[in-house]
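Report on the structure given below.
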Amino acid sequence: MRASRRLPALLIALAAALGACASNPRGEGGSLEDRFQVTIENNGTVSSNLRITLLPLTGGGEYNVGLMTTVGSETLSIERANLNGNFRLRAVQNTTGVAIHSQPFQLQGGGSVVWDLRRNTIVVRR
């Protein structure tokens with residue numbers, strides 16, 4: 001009898017937790033204005049999952065952007081962390097470990113970029 005009284009409360013808590021995950025599927029905080037977005041246009045260029053990393057060209061640590069899980073187009077984001085300077089993106093295939101590096105690009109306080117893997121071109125949007 002006690003378990004049947006706890007079940008509705010448990011279901012409500014589970015629904016609330018799932019709702020929070022659905023509104024933020026990657027589990028990352030911050031509003032879109034506080035995030036640096038990377039759109040990767042794969043278009044079937046690479047058929048395996050890709051780990052995307054933002055690399056400063058002059059020192060500093062890497063930024064893990066996320067895991068691309070589609071052969072189409074996907075947008076990933078990270079919290080802005082004073083993104084000023086010259087950068088590259090790196091995509092590493094999970095199955096083979098082969099890396100693809102973007103052309104260098106400049107950021108001034110964030111924005112977003114679109115990386116076309118087939119042409120290996122970067123478009124910076126502010």
- [ ] Determine whether Ile100 and Thr45 make a side-chain contact, defined as any pair of heavy atoms from C-beta on separated by less than 4.5 Å.
- [x] no
Task: Pairwise distance CD1(Ile122) to CZ(Phe105) - rounded to 0.5 angstrom - done: 5.0 Å
Open item on the list: As an exercise, state the distance from CZ of Phe36 to OG of Ser112, rounded to the nearest 0.5 Å.
Closed with: 7.0 Å
Task: Minimum-distance pair of heavy atoms, taken over all atoms of Val46 and Val71 - done: O-CG1, 3.7 Å
- [ ] Quick one: pull up OG1 in Thr75 and CD in Gln37 and give me the separation to the nearest 0.5 Å.
- [x] 6.0 Å
Open item on the list: So does Thr69 get a backbone contact from the side chain of Glu74, meaning a donor-acceptor N/O pair under 3.5 Å?
Closed with: yes
TODO: First locate atom CD of Glu41, then atom CE of Met68, and finally report the distance between them rounded to the nearest 0.5 Å.
DONE: 9.0 Å
Open item on the list: Would the distance check show the side chain of Arg90 and the main-chain N or O of Leu55 forming a donor-acceptor pair, the cut-off being under 3.5 Å?
Closed with: no
- [ ] List the atom of Gly66, the atom of Arg51, and the distance in Å for their closest heavy-atom pair.
- [x] C-NH1, 3.4 Å
Task: Side-chain donor/acceptor of Arg88 to backbone N/O of Ser102, under 3.5 Å - done: yes
TODO: Nearest 0.5 Å please: distance from the CZ atom of Arg118 over to the CG atom of Asn42.
DONE: 8.0 Å
TODO: Give a yes or no on whether Val92 and Phe87 share a hydrophobic cluster (residues Ile, Leu, Val, Met, Phe, Trp, Tyr; joining criterion: side-chain heavy atoms under 4.5 Å apart).
DONE: no
Task: Side-chain (Asn120) to main-chain (His101) donor-acceptor, under 3.5 angstrom - done: yes
Open item on the list: Just so I know, are the side chains of Leu54 and Ile78 near enough to count as touching, which here means a heavy-atom distance under 4.5 Å?
Closed with: yes
Task: Ile40 and Leu76: CA distance, side-chain angles, deciding distance, side chain to side chain contact (heavy atoms under 4.5 Å, CB included) verdict - done: CA-CA 8 Å; Ile40 302 102; Leu76 304 171; 3.9 Å; yes
Open item on the list: Between Leu57 and Pro104, is there a side-chain heavy-atom distance shorter than 4.5 Å?
Closed with: yes
TODO: Drop me the distance from Thr70's OG1 to Leu50's CG, to the nearest 0.5 angstrom.
DONE: 10.0 Å
- [ ] Please examine the side chains of Val124 and Gln106, heavy atoms only from C-beta on, and report whether any two atoms are closer than 4.5 Å.
- [x] no
Open item on the list: Is there a continuous path of hydrophobic side-chain contacts, each under 4.5 Å between heavy atoms, that joins Val114 to Leu89?
Closed with: no
